[in-house]
2 protein chains.
Amino acid sequence: MTANGDLRSRILEQARVLLLKEGYSAVSMRKIAKAVGCTPTSIYIYFDNKDALIHALIEEGMELLAGDLAKASAPDSEPRARFRGTCLAFLEFGIQNPEYYQIMFLLHPEKMERYPTDKYRRARRNLELFADILREVRSGSSFDPMLSATVLWSLLHGAISLHLAQRLDVGMPASTFIDQVVEHAESMLLPESP
Amino acid sequence: MTANGDLRSRILEQARVLLLKEGYSAVSMRKIAKAVGCTPTSIYIYFDNKDALIHALIEEGMELLAGDLAKASAPDSEPRARFRGTCLAFLEFGIQNPEYYQIMFLLHPEKMERYPTDKYRRARRNLELFADILREVRSGSSFDPMLSATVLWSLLHGAISLHLAQRLDVGMPASTFIDQVVEHAESMLLPESP
DNA sequence: ATTTTTAGGTTAACAATGTTAACTTTACGG
DNA sequence: CCGTAAAGTTAACATTGTTAACCTAAAAAT
């Protein structure tokens, strides 16, 4: 049974498929086991518990997002366009990968309490990416780049959250909303301090 | 047994206590029943299912929030101060009532799918409140108040979400972050469009 | 070559969950 | 006093995450 790919990766694959196809609540140890073709207990050989399995999926998502952001923030264009592109990439990721985004950033804290905090260093890396661009554009003026990046992150995260939770007005096209969010984000580039 | 307050309100009360004391996942029909002193099935006489019970708690939270915002947006002060106060009130509500905020705005869509959309009219009412203040300050300039209010909502909601999920840098004081968020929110009042 | 250990996997079970069918009790109108 | 409807309970079902005990096959040790 160890012939065709190790069981661990097959478990992860089917968990991801189930997650993307039927949503988070449909992901149960028994369903994954059935899809993989093993027993539920076998999963516990490779993962301490369901949380650990979900965490592995979070890792996958973080990898994906990091790739998207790295591509968008490649330093081959003007900083302002790069800023805009990176914001858009983050928003796009959330909208196009709702399940990934959900388990990465929207899961109940109580369910994710056991998630090791140091794994979120990758998230911090993304924050630094935004801070770098802000620093580049707003050089000189006295401001805290990481603080501003966090506020920017709040805006983007909130926009994705509301969109995914379908709390936005149905009469408001998503693209219009996204455009407005990015446009507002760009106001962070202006060094106005009245 | 129908002497001391109807069972329905006692169920709600204990559900709220449990929610605030032990968090969402600790709220189970059996625990509520035990706390109230009835059987789990009795709850189903007054609530169709667990979701319906949670929805009733959401109603409570909406009431609370609406009260806070109404107080903060009372038209007895200057519009800009009112705007700042209303933003702060929303942020404070989320931070001071994490469990309420969680079930109101952060619950998994799949778990809340059955929540009747029209109940969120109260949330829309809050949005209109922000839109009104924006309209008042930025009168004249061509802009969509509801769209801007939604972007503002995204910022506030994202800030609360990240704070509640403890995703913010531990070295960053919450008050500093909140201040920065409000300060940035105020940039929406400036009619600059380059 | 034979025994022992160990890693990988299964069977069966436990406790907790939301929910429901069937039964009992209580109250009230005729 | 009887019947009916509401209020509440008992006992169960199906599903969940998780674990203890067992099995099995391969590798290591004697």
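Values in this document were obtained by computation on a predicted structure and should not be read as measured data. Residue numbers begin at 1 in each chain, while the letters A, B, ... track the order of the sequences.
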> Would you say a side-chain N or O of A:S42 is under 4.0 Å from OP1 or OP2 of C:dT10?
Replying inline: yes
> Given C:dT19, is OP1 or OP2 found less than 4.0 Å from the side-chain N or O atoms of B:T41?
Replying inline: no
> Tell me, do A:Y46 and A:I11 make a side-chain contact under 4.5 Å, heavy atoms counted?
Replying inline: yes
For [X] and [N], what is the distance between atoms [atom1] and [atom2] respectively, to the nearest whole Å?
X: B:L53; N: C:dT19; atom1: CG; atom2: P; result: 10 Å
X: B:I54; N: C:dT19; atom1: CD1; atom2: P; result: 11 Å
X: A:F47; N: C:dG8; atom1: CZ; atom2: P; result: 13 Å
X: B:Y44; N: D:dA11; atom1: OH; atom2: C1'; result: 15 Å
X: A:I43; N: D:dG17; atom1: CD1; atom2: P; result: 9 Å
X: A:I11; N: C:dG9; atom1: CD1; atom2: C1'; result: 11 Å
X: B:K50; N: C:dT20; atom1: NZ; atom2: P; result: 15 Å
X: B:D48; N: C:dG18; atom1: CG; atom2: C1'; result: 14 Å

> Going through the distances and angles, do B:Y100 and B:L65 end up as a side chain to side chain contact (heavy atoms under 4.5 Å, CB included)?
Replying inline: CA-CA 9 Å; B:Y100 269 129; B:L65 173 60; over 6 Å; no
> Using the C1' atoms of five pairs at each end, what's the angle between the two axes of the helix from C:dA1-D:dT30 to C:dG30-D:dC1, to 10 degrees?
Replying inline: 30°
>> What verdict does the side chain to side chain contact (heavy atoms under 4.5 Å, CB included) test give for B:I178 and B:L88, after you've listed the backbone C-alpha separation in whole Å, the side-chain angles of each residue and the deciding distance to 0.1 Å?
In response: CA-CA 8 Å; B:I178 295 301; B:L88 262 173; 3.9 Å; yes
> Any idea which of D:dT18, D:dT10, C:dT20 is nearest the B:T39 side chain?
Replying inline: D:dT10
> Counting side-chain heavy atoms from CB outward, which of D:dG8, C:dT20, C:dT10 is closest to B:I45?
Replying inline: D:dG8
> Are B:F47 and B:I45 co-members of a hydrophobic cluster defined by side-chain heavy atoms under 4.5 Å apart?
Replying inline: yes
>> Let me check something: do B:L164 and B:M172 share a hydrophobic cluster, defined by ILVMFWY side-chain heavy atoms less than 4.5 Å apart, either directly or through other members?
In response: yes
> Relative to each other, are the rings of B:F105 and B:H157 parallel, tilted or perpendicular (30° and 60° limits)?
Replying inline: perpendicular
>> What residues from residues 28-37 of chain A pass a heavy-atom cutoff of under 4.0 Å to DNA chain D?
In response: A:S28, A:M29, A:R30, A:K31
Donor-acceptor list for residues 28-37 of chain A side chains, cut-off 3.5 Å, not counting sequence neighbours:
unit_1 : atom_1 : unit_2 : atom_2 : d
A:S28  : OG     : A:K31  : N      : 3.1

> In Å, rounded to the nearest 0.5 Å, how long is the span from CG of A:L106 to CG of B:L106?
Replying inline: 7.5 Å
> Passes side chain to side chain contact (heavy atoms under 4.5 Å, CB included), B:L7 versus B:R10? Steps please.
Replying inline: CA-CA 5 Å; B:L7 191 53; B:R10 280 194 297 157; 3.4 Å; yes
>> Categorize B:Y46 for me: base, sugar-phosphate, or nothing, with a 4.0 angstrom heavy-atom threshold over every strand shown.
In response: sugar-phosphate
